[in-house]
Amino acid sequence: MARPHENPSPDAAAPRVRRTGHPVGGTVPAITGAAAPGVVPGRSRGGSGGGAGAVARSRGIPPTDARNRRISDALEAWFAREARDLPWRRGRTAWSALVAELMLQQTQVSRVVPAFDRFMARFPAPADLARADDETLLTHWAGLGYYRRARLLRAAAAHIDAVCGGTVPRDASALRRLPGVGRYTAGAIASIVFGAREAIVDGNVTRVLARLEARRERADDDAGVRWTWARAESLVRASASPGVFNEALMELGATVCTRAQPACTACPLRRECRAAGLEDAGAPASIPPPKPAAVRRPLHIDAVAVIERGRILLERRPESGLWAGLWQMPARESAKAGGHDALLRWTRDHLPGWRPAAAPLHAFPHATTHRAVVIRVWRGERQATGSGRDRVSSDRVWQRLTVLDERPMSSAHRRAIEHAVALLPAGTRRDRGSA
DNA sequence: AACGCGTGGAC
DNA sequence: TGTCCAAGCGT
């Protein structure tokens, strides 16, 4: 796991530092070691430092400031005790953090855990990823969804390799110039890896802060987003260690202040939480209100399983759109369900020499965020057209069934193929040597 | 600036 | 079971 090159994280071990019962308001040991070179100064903590802070204290700290400090102290102390042991928190470097953050965009931790170490082992430095071909790249991203992120990460790696001398930038503004790195990701890396006093807002933070201040409205719109970022910024200004605070805020949302059943009795912010004090029963769980259901457009996919001598015919999807660049069985796609006749016409044009069997082998639904997909799998039958070897266009391949996992595919299409192979006669599955 | 982009956990 | 949504970003 040691990744000795480039950007060792100053506070990689921060959550694990000894916190022998420091009460809220005490100084935070060691994690301020994140105040390494290049850190945005921000507010210094704990001491009786001169300047405006001391003046403010002598006149009485504004309530919001005191509250912000209580919140950030309690949260950081909680995180020091309760932080989960996650792969990207071990031996963290800026590169490993960048990989983790891209993978974690709109993706749950449990999905990323198995993929992360494989990816890092294959691409230990930006230069390794910058040179990767599509197949290798997407294979290592398989199952994570939102495959465009993989290409953006590769583009970021290429930028780092070519423009930044192989080193991940330190500033949020420089990080934001990397493909795939937006406001959240830049702030996360700048703060968590480099200790910069940058705020972050993700889904967890949005929910936690709305509950903390009993802000009942959804924060999707412009005003809501502005409010959330402003609140996050005021808290990170008060925090002892911005990176620890930011990670703790997300962790709280992921493990305690969850969407449906928040564990308020276990929450370190219970005393500060304004939703917890609301009259209506179960108030925190009702914030924010659910978003109205989005319409899912139907998509019907009729895939033809063309299998011979232990090989299956695969085609590559277009470079943009759904499942961009991934492999699948030759398939007809349409907004409305088509019958056998429609598929037969389609195969005449797109799959000469083959035709679909009379009835599908299998059919199953698959939902994406915006689509209600129905996939039907048909067995491909030889047409008696006599000619020799089929012409296979450049974006199609005969793929050996024994090494199917070499081809990056969506989960949906991989499942379709597994069904097809399982249901076919054993003879067609057998590999009869080379050819 | 609204929309497209995957997959599966949780309830 | 259907529904919401998760360490968002690019266009």
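In what follows, chains carry the letters A, B, and so on, assigned in the order in which the sequence lines appear, proteins first and then strands, with residues in each chain numbered from 1. Basis for what follows: all heavy atoms, side chains included, without hydrogens, waters or symmetry-related copies.
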Asker: How is A:V181 classified with respect to the nucleic acid when contacts are heavy atoms under 4.0 Å: base, sugar-phosphate, or nothing?
Answerer: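 The answer is sugar-phosphate, as A:V181 gets under 4.0 Å only of primed atoms, P, OP1 or OP2.
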
Asker: Categorize A:A260 for me: base, sugar-phosphate, or nothing, with a 4.0 angstrom heavy-atom threshold over every strand shown.
Answerer: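 Sugar-phosphate, no base atom in range.
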
Asker: Please verify the inter-ring angle class for A:W141 with A:F119; under 30° counts as parallel, over 60° as perpendicular, anything in between as tilted.
Answerer: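 Because their plane-to-plane angle is over 60°, the rings of A:W141 and A:F119 count as perpendicular.
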
Asker: Kindly compute the distance separating CD1 (A:I189) from CZ (A:R92), expressed to the nearest 0.5 Å.
Answerer: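 So the CD1 of A:I189 and the CZ of A:R92 are separated by 10.0 Å.
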
Asker: What contact category does A:L249 fall into here, base, sugar-phosphate, or nothing, at under 4.0 angstrom with non-hydrogen atoms?
Answerer: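 Touches nothing.
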
Asker: Earliest and latest nucleotide of DNA chain C, 5' to 3', sitting under 4.0 Å from a non-hydrogen atom of chain A?
Answerer: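 Listed 5' to 3', the contact boundaries are C:dC4 to C:dG10.
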
Asker: Look at the side chain of A:R111 and the backbone N and O of A:L144, then say whether any donor-acceptor pair between them is shorter than 3.5 Å.
Answerer: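 No; judged by distance alone, with no hydrogens or angles, the pair does not exist.
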
Asker: Specify the residue among A:Q106 and A:Q261 whose closest nucleotide of DNA chain B lies further upstream toward the 5′ end.
Answerer: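 It is A:Q106, whose closest nucleotide lies nearer the 5' terminus.
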
Asker: Taking the C1' atom in each of C:dC9 and B:dA1, what is the distance between them to the nearest angstrom?
Answerer: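 Looking at atom C1' only, C:dC9 and B:dA1 are 14 Å apart.
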
Asker: Please enumerate all residues that pass ring-ring contact (aromatic ring centres under 6.0 Å, His included) together with A:W323, with sequence neighbours excluded.
Answerer: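 In terms of ring-ring contact (aromatic ring centres under 6.0 Å, His included), with neighbours along the sequence ignored, A:W323 is linked to A:H413.
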
Asker: For A:N246 and A:G243, indicate whether the former's side chain and the latter's backbone hold a donor-acceptor pair under 3.5 Å.
Answerer: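 Looks like no, no N/O pair under 3.5 Å.
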
Asker: Reckon A:T107 touches a base, only the sugar-phosphate, or nothing at all at heavy-atom distances under 4.0 Å?
Answerer: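 If one applies the 4.0 Å heavy-atom cut-off, A:T107 turns out to touch a base.
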
Asker: Does any N or O in the side chain of A:R197 come within less than 3.5 Å of the main-chain N or O of A:V236, such that one atom is a donor and the other an acceptor?
Answerer: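 Yes.
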
Asker: Contact class for A:T258 vs. all strands (heavy atom < 4.0 Å): base, sugar-phosphate, or nothing?
Answerer: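 Result for A:T258 = nothing.
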
Asker: I'd like to know if the side chain of A:R296 and the backbone of A:T368 have a donor-acceptor N/O pair within less than 3.5 Å.
Answerer: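 Flag set: sc A:R296 to bb A:T368 pair under 3.5 Å.
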
Asker: At a heavy-atom distance below 4.0 Å, which nucleotide of DNA chain B is the first touched by chain A, and which is the last?
Answerer: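 Answer, 5' to 3': B:dG4 to B:dC11.
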
Asker: With sugar-phosphate meaning primed atoms plus P, OP1 and OP2, does A:T368 contact a base, only sugar-phosphate, or nothing at under 4.0 Å between heavy atoms?
Answerer: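 The answer is base, as A:T368 lies within the cut-off (heavy atoms under 4.0 Å) of a base atom.
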
Asker: Taking A:H140 for the side chain and A:M120 for the main chain, is one N or O donor matched with an acceptor at less than 3.5 Å?
Answerer: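 No; zero donor-acceptor contacts below 3.5 Å.
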
Asker: Which residues within residues 284-297 of chain A lie with some heavy atom under 4.0 Å of an atom in DNA chain B?
Answerer: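 Here the set is A:R297.
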
Asker: Using distance alone, with no hydrogens and no angle criterion, decide if A:T107 and A:R149 have a side-chain donor and acceptor under 3.5 Å apart.
Answerer: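 Side-chain D/A pair, A:T107 to A:R149: present.
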
Asker: First locate atom CD1 of A:I71, then atom CD of A:E76, and finally report the distance between them rounded to the nearest 0.5 Å.
Answerer: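 Going from the CD1 atom of A:I71 to the CD atom of A:E76 covers 12.0 Å.
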
Asker: Mind checking ring-ring contact (aromatic ring centres under 6.0 Å, His included) for A:W327 and listing every partner two or more places apart, or none if nothing turns up?
Answerer: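 For A:W327, no residue satisfies ring-ring contact (aromatic ring centres under 6.0 Å, His included) once neighbours in sequence are set aside.
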
Asker: Return the residues of residues 139-160 of chain A meeting this criterion: a heavy atom under 4.0 Å from some atom of DNA chain C. Order them by number, or give none.
Answerer: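 DNA chain C contact set from residues 139-160 of chain A: A:R148, A:L152.
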
Asker: With DNA chain C as reference, determine whether A:R176 or A:Q108 sits nearer its 5' end, using the nearest nucleotide of each.
Answerer: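 The residue whose closest nucleotide sits nearer the 5' end is A:Q108.
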
Asker: Atom CH2 in A:W227, atom CG in A:D222: separation rounded to 0.5 Å?
Answerer: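 Atom-to-atom, A:W227:CH2 and A:D222:CG are 15.5 Å apart.
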
Asker: Looking only at side chains, do A:Q105 and A:Y184 share a donor and an acceptor under 3.5 Å apart?
Answerer: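 Per modelled atom types, A:Q105 and A:Y184 side chains form no pair under 3.5 Å.
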
Asker: So, using side chain to side chain donor-acceptor pair (under 3.5 Å) as the criterion, who are the partners of A:E213 when residues are at least two apart?
Answerer: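 By the side chain to side chain donor-acceptor pair (under 3.5 Å) rule, A:E213 matches A:R67, A:R231, A:R274.
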
Asker: Can you tell me which residue pairs pass the salt bridge (charged side-chain N to carboxylate O under 4.0 Å, His left out) test with a partner in residues 178-187 of chain A, sequence neighbours excluded?
Answerer: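 Residue pairs with at least one partner in residues 178-187 of chain A: A:R183-A:E233.
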
Asker: Apply ring-ring contact (aromatic ring centres under 6.0 Å, His included) to A:H370 and list each qualifying residue two or more places apart in sequence or on a separate chain.
Answerer: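 Once residues adjacent in sequence are excluded, A:H370 has no partner under the ring-ring contact (aromatic ring centres under 6.0 Å, His included) criterion.
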
Asker: Which whole number of Å gives the distance between the C1' atom of C:dT1 and that of B:dG8?
Answerer: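 The same atom, C1', in both gives a distance of 15 Å.
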
Asker: Please list residues of residues 370-378 of chain A whose heavy atoms come under 4.0 Å from any atom in DNA chain B, ordered by number; otherwise none.
Answerer: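 A:H370, A:R371, in order of number.
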
Asker: When you measure from every atom of DNA chain B, which of residues 217-231 of chain A have a heavy atom less than 4.0 Å away?
Answerer: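 DNA chain B contact set from residues 217-231 of chain A: none.
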
Asker: Need one value for A:A100: base, sugar-phosphate or nothing, where a base atom within 4.0 Å counts as base even if backbone is also close, heavy atoms only.
Answerer: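 A:A100: no heavy atom of the nucleic acid under 4.0 Å.
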
Asker: Sub-3.5 Å donor-acceptor pair from the side chain of A:D161 to the main-chain atoms of A:A157, do we have one?
Answerer: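 Side chain of A:D161 to backbone of A:A157: no pair is present.
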
Asker: Sequence neighbours excluded, which residues qualify as ring-ring contact (aromatic ring centres under 6.0 Å, His included) partners of A:H419?
Answerer: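 A:H419 satisfies ring-ring contact (aromatic ring centres under 6.0 Å, His included) with A:H362, A:F364 once adjacent residues are dropped.
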
Asker: Any chance you could measure A:D133, atom CG, to A:T139, atom OG1, to the nearest 0.5 Å?
Answerer: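 The distance works out to 8.5 Å.
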
Asker: For atom C1', what is the distance between B:dG6 and C:dC5, given to the nearest Å?
Answerer: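 Pairwise C1' distance, B:dG6 against C:dC5, rounds to 13 Å.
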
